[in-house]
Asker: 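The structure that follows is given in the form of structure tokens.
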Amino acid sequence: MRAGATLAVASAPAVTDVLTKDSRPIAPLATLTDGVWVWPADLAYYIETYHVRLPDEFAEHAASNSWIPPKLTHADLVELSARESAED
């Protein structure tokens, strides 16, 4: 989950655990991708800490890549970002 390519990042401070009152940072305010799926950078924390279950489709996709996201080029990320913006 942490190895995805950074699609977007904010200059805001890191995010904290929304399920507790603990104000320690858990991850940057960022969006990661493997070129197909997009997820928040703090998702890994919630999986490790609370055993959050991933959608079956995502787990199957990630397992098909041996759980290693492909390396994406800058051009790949620009194209994906443009595609995401067009869908909104």
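For the numbers below, each heavy atom of this structure counts, side chains included, while hydrogens, waters and symmetry mates do not. Along the sequence shown, residues are numbered consecutively beginning with 1. This structure is a prediction, so every number in the text was calculated from the model and none was measured.
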Asker: Show the nearest heavy-atom pair for residues Ala27 and Ala14, with the distance to one decimal.
Answerer: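 Closest pair (atom of Ala27, atom of Ala14, distance): O-CB, 3.0 Å.
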
Asker: Say whether Val78 and Leu7 are linked into one hydrophobic cluster, either directly or through other cluster members, by side-chain heavy-atom distances under 4.5 angstrom.
Answerer: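 No, no single cluster joins them.
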
Asker: What's the separation between atom CG in Asp17 and atom OH in Tyr46, rounded to the nearest 0.5 Å?
Answerer: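 These two atoms lie 4.5 Å from each other.
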
Asker: Could you measure the distance from the OH atom of Tyr45 to the CG atom of Leu19? Nearest 0.5 Å is fine.
Answerer: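 Atom-to-atom, Tyr45:OH and Leu19:CG are 8.0 Å apart.
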
Asker: Which value, rounded to the nearest 0.5 Å, describes the distance between Asp42 atom CG and Ile26 atom CD1?
Answerer: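 Asp42 CG to Ile26 CD1: 4.5 Å, rounded to 0.5 Å.
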
Asker: Does Trp39 share a hydrophobic cluster with Val36, counting links as ILVMFWY side-chain heavy atoms below 4.5 Å and allowing steps through other members?
Answerer: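 They do share one cluster, since a chain of ILVMFWY contacts under 4.5 Å joins Trp39 to Val36.
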
Asker: Check whether any side-chain N or O of Thr33 sits under 3.5 Å from a backbone N or O of Gly35 as a donor-acceptor pair, and report yes or no.
Answerer: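 Such a contact is found between Thr33 side chain and Gly35 backbone.
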
Asker: Hydrophobic cluster membership, with links at side-chain heavy-atom distances under 4.5 Å among I/L/V/M/F/W/Y: are Leu80 and Trp37 in one?
Answerer: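 No: no chain of side-chain contacts under 4.5 Å links Leu80 to Trp37.
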
Asker: Which heavy atom of Pro28 sits nearest a heavy atom of Val15, and at what distance?
Answerer: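 Taking every non-hydrogen atom into account, O-CG2, 4.2 Å.
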
Asker: Please identify which of these residues, Val9, Thr6, Val38, meets the side-chain contact (heavy atoms from CB on, under 4.5 Å) condition with Thr31.
Answerer: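 Only match with Thr31 under side-chain contact (heavy atoms from CB on, under 4.5 Å): Val38.
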
Asker: What is the minimum heavy-atom distance between Ala5 and Leu77, and which atoms define it?
Answerer: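 Here Ala5 and Leu77 meet closest at CB-CD2, 3.9 Å.
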
Asker: Side-chain atoms of residues 53-62: list all donor-acceptor pairs with protein atoms under 3.5 Å, sequence neighbours left out, distances to 0.1 Å.
Answerer:
from	atom 1	to	atom 2	distance (Å)
Arg53	NH2	Asp56	OD1	2.7
His61	NE2	Asp34	OD2	2.7

Asker: Rounded to the nearest 0.5 Å, what's the gap from CG on Asn65 to CD1 on Ile68? Could you check?
Answerer: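 Output value for this atom pair is 8.5 Å.
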
Asker: What pairs meet the salt bridge (Lys or Arg N to Asp or Glu O under 4.0 Å) rule with one or both residues in residues 61-79, with sequence neighbours excluded?
Answerer: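 Qualifying pairs: Glu79-Arg83.
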
